[in-house]
Undergrad: 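My structure is below; once you've seen it, I'll send some questions.
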Amino acid sequence: MTLLITNARLVDPEAGEVRDGAVLIRNGVLAEIFDTPAPEVSFDAVPSDNRRDAGGKCLAPGIVDIGVKICEPGERHKESYGSAGQAAAAGGVTTIVTRPDTTPAIDTPETLEFVRRRANEAAPVHVLPMAALTKGREGREMTEIGFLMDAGAVAFTDCDRVVRDTKVLSRAMTYARALGALVVGHPQEPTLSAGAATTSGKFASLRGLPGVSPMAERMGLDRDIALVEMTGVRYHADQITTTRALPALERAKRNGFDVTAGVSMHHLTLNEFDVADYRTFFKVKPPLRAEDDRQAVVEAVKSGLIDVIGSFHTPQDEESKRLPFEEAASGAVGLETMLPVLMRLYHSGDIELPTLFRALSLNPAKRLGLDCGRLTKGAPADLVLFDPDKPIILDRFKLKSKSKNTPFDGARLQGKVLETFVSGTSVYRST
């Protein structure tokens with residue numbers, strides 16, 4: 001198939017610029033990148049039916065979202081590969097990297113093969129699975145990392161269930177280093193953070209909610225970085241959300257350790273005061289932080305200290321959320337809402353579009369060794385066409401996810417996905 005998209009504003013995270021141009025897609029890859037919005041291409045090469053006028057809207061590499069929870073196996077009523085794939089396509093996400101915190105955990109090649117088969121059958125976007133670092137995510141015995149890599153695991157993580165035994169973690173990291181595997185950690189000191197619903201401070205005290213000190217994140221990151229120094233493993237911190245953790249991350253990078261870090265869309269756009277009157281849709285993990293922390297991590301994304309932005313899509317049903325705040329489940333859906341929500345940072349002048357897509361597309365693709373995430377000749381034609389200025393009012397009941405637990409229900413946002421392409425094929429088009 002051949003497709004010519006003209007009259008586009010090309011968002012190029014590698015070049016760090018937005019420019020007028022056009023792209024020619026052939027056989028699922030970017031065959032040509034034009035620096036003019038209306039290139040001269042013969043109708044013999046590209047018939048009129050295969051030409052698309054972008055109308056001056058933005059065309060960017062498709063989002064690569066690391067840390068998505070799909071509730072298969074075990075909790076398919078919350079989210080399936082089919083519903084998550086549709087939500088991803090509607091949100092401009094062309095590659096979802098799934099977490100292994102399912103029921104049972106994805107900790108054997110057989111379970112991994114099951115989810116890969118289900119994903120390929122049901123999802124219109126690319127699905128890459130992560131596998132558990134320890135069996136059952138229990139932190140006692142490491143999984144068969146080599147066999148899981150052979151079965152298609154792109155990284156290894158126990159998600160938010162932090163490995164408490166440092167010796168077990170060091171052995172797993174040593175083994176992962178020998179195989180070149182990527183380990184994804186959740187920087188939290190598990191004893192301090194146990195049972196926390198908010199970030200400790202005056203607001204948590206006034207609300208009478210159990211809090212966790214921001215130092216718990218710093219302490220967890222310090223331990224993980226020390227083990228990275230000891231083992232030499234490739235390491236990615238899934239979420240850095242506090243000011244206190246940033247100096248440790250900066251030192252690790254300055255010392256040449258193979259360390260990257262991510263942050264969630266929620267910690268970039270919300271703060272602890274959004275909890276307000278115990279609104280459980282705002283309960284996420286780690287909990288929302290102070291405004292100073294939010295501003296600091298925005299600056300860290302802008303400077304490149306934090307490499308990746310993710311949705312950390314975590315579906316929860318109504319029964320899990322309609323509970324007292326302390327008892328309610330953590331997490332929010334984000335596949336479909338991430339791009340319009342992050343446009344807040346663009347419209348406020350905090351982050352430019354190329355910088356945003358560096359963290360959404362280019363850097364996660366590079367970290368996983370993928371060819372996508374860039375606008376270069378020969379790269380996969382995984383693209384998102386969007387209007388950054390289109391006003392919308394988000395209605396959670398119109399989301400394609402099975403679960404509707406978004407903190408942005410009713411929010412006035414500015415930015416809309418118009419079309420999503422996976423390997424050159426349109427998998428979503430706004431009506």
Undergrad: Check this for me: does any side-chain nitrogen of one of E291 and R294 sit under 4.0 Å from a carboxylate oxygen of the other?
TA: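 Judged by the 4.0 Å cut-off on N to carboxylate O distance, E291 and R294 do form a salt bridge.
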Undergrad: Under 4.0 Å between a Lys/Arg side-chain N and an Asp/Glu carboxylate O for R99 and D238?
TA: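 A salt bridge is absent here (no side-chain N lies under 4.0 Å from a carboxylate O).
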Undergrad: Got a sec, which pairs hit side-chain hydrogen bond (donor to acceptor under 3.5 Å, both in side chains) with one end in residues 403-415, sequence neighbours left out?
TA: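 Qualifying pairs, neighbours excluded: none.
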Undergrad: Should D165 and K167 count as an ion pair when the cut-off is N to O under 4.0 Å?
TA: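 No, no charged N to carboxylate O under 4.0 Å.
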Undergrad: Apply ring pair (Phe, Tyr, Trp, His ring centres under 6.0 Å) to residues F147 and Y175 and explain how you reach the verdict.
TA: CA-CA 12 Å; F147 291 151; Y175 195 67; 9.5 Å; no
Undergrad: With the threshold set at 4.0 Å, does a side-chain nitrogen-carboxylate oxygen contact exist between E121 and R118?
TA: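 Between R118 and E121 there is a salt bridge, with a charged N closer than 4.0 Å to a carboxylate O.
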Undergrad: Are R367 and D258 close enough for a salt bridge, meaning some N to O gap below 4.0 Å?
TA: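 Yes, charged N to carboxylate O under 4.0 Å.
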Undergrad: Can you sort out the partners of T242 under side chain to side chain donor-acceptor pair (under 3.5 Å), two or more places apart, ordered by chain and number?
TA: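 For T242 the side chain to side chain donor-acceptor pair (under 3.5 Å) partners, ignoring immediate neighbours, are E217.
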Undergrad: Check this for me, if you would: do D222 and R218 make a salt bridge, where the nitrogen-to-carboxylate-oxygen distance has to be below 4.0 angstrom?
TA: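 Salt bridge: yes.
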Undergrad: Count the heavy atoms belonging to other residues, nucleotides or ligands that lie under 6.0 Å from NZ of K366, then report whether that count exceeds 12.
TA: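 No, NZ of K366 has 12 or fewer neighbouring heavy atoms, counting only those of other groups under 6.0 Å.
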Undergrad: Is there any side-chain hydrogen bond (donor to acceptor under 3.5 Å, both in side chains) pair reaching into residues 83-98, and which pairs are they, with sequence neighbours excluded?
TA: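 Residue pairs passing side-chain hydrogen bond (donor to acceptor under 3.5 Å, both in side chains), neighbours aside: E79-S83, S80-S83.
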Undergrad: Report yes or no: is the cationic atom of R322 (NZ for Lys, CZ for Arg) under 6.0 Å from the centre of the six-membered ring of F281, at an angle within 45° of the ring normal?
TA: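 R322 over F281 ring: yes.
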Undergrad: With a sphere of 6.0 Å drawn around CZ of R223, does it hold more than 12 non-hydrogen atoms of other residues, nucleotides or ligands?
TA: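 Above 12, so yes.
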Undergrad: Could you tell me whether R26 and E32 have a side-chain N and a carboxylate O separated by less than 4.0 Å?
TA: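 Salt bridge between R26 and E32, a charged N being under 4.0 Å from a carboxylate O: no.
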Undergrad: In a table with atom names and distances, give each donor-acceptor pair under 3.5 Å that connects a side chain of residues 327-343 to protein atoms at least two apart or in another chain.
TA:
| unit_1 | atom_1 | unit_2 | atom_2 | d |
| --- | --- | --- | --- | --- |
| E336 | OE1 | K400 | N | 2.8 |

Undergrad: Just wondering, are more than 12 heavy atoms of other shown residues or ligands nearer than 6.0 Å to CZ in R171?
TA: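 Open.
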Undergrad: Just checking, is any N or O donor in the side chain of R289 or T199 under 3.5 Å from an acceptor N or O on the other one?
TA: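 On atom types as modelled, these side chains qualify, holding a pair under 3.5 Å.
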Undergrad: Would you call the rings of H266 and F408 parallel, tilted or perpendicular, where under 30° means parallel and over 60° means perpendicular?
TA: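 The arrangement is parallel - the two ring planes meet at less than 30°.
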Undergrad: Within the 3.5 Å criterion, strictly below it, is a donor on T143 or D107 matched to an acceptor on the partner's side chain?
TA: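 Judged by distance alone, the side chains do not pair up.
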Undergrad: Under the rule for side chain to side chain donor-acceptor pair (under 3.5 Å), what residues qualify as partners of K390, not counting sequence neighbours?
TA: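 K390 satisfies side chain to side chain donor-acceptor pair (under 3.5 Å) with no other residue.
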Undergrad: Hey, could you give me each pair passing side-chain hydrogen bond (donor to acceptor under 3.5 Å, both in side chains) that has a residue in residues 153-162? Not counting sequence neighbours.
TA: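 Checked against side-chain hydrogen bond (donor to acceptor under 3.5 Å, both in side chains) - neighbours excluded - the pairs reaching residues 153-162 are T134-D158, R137-D160, D160-K285.
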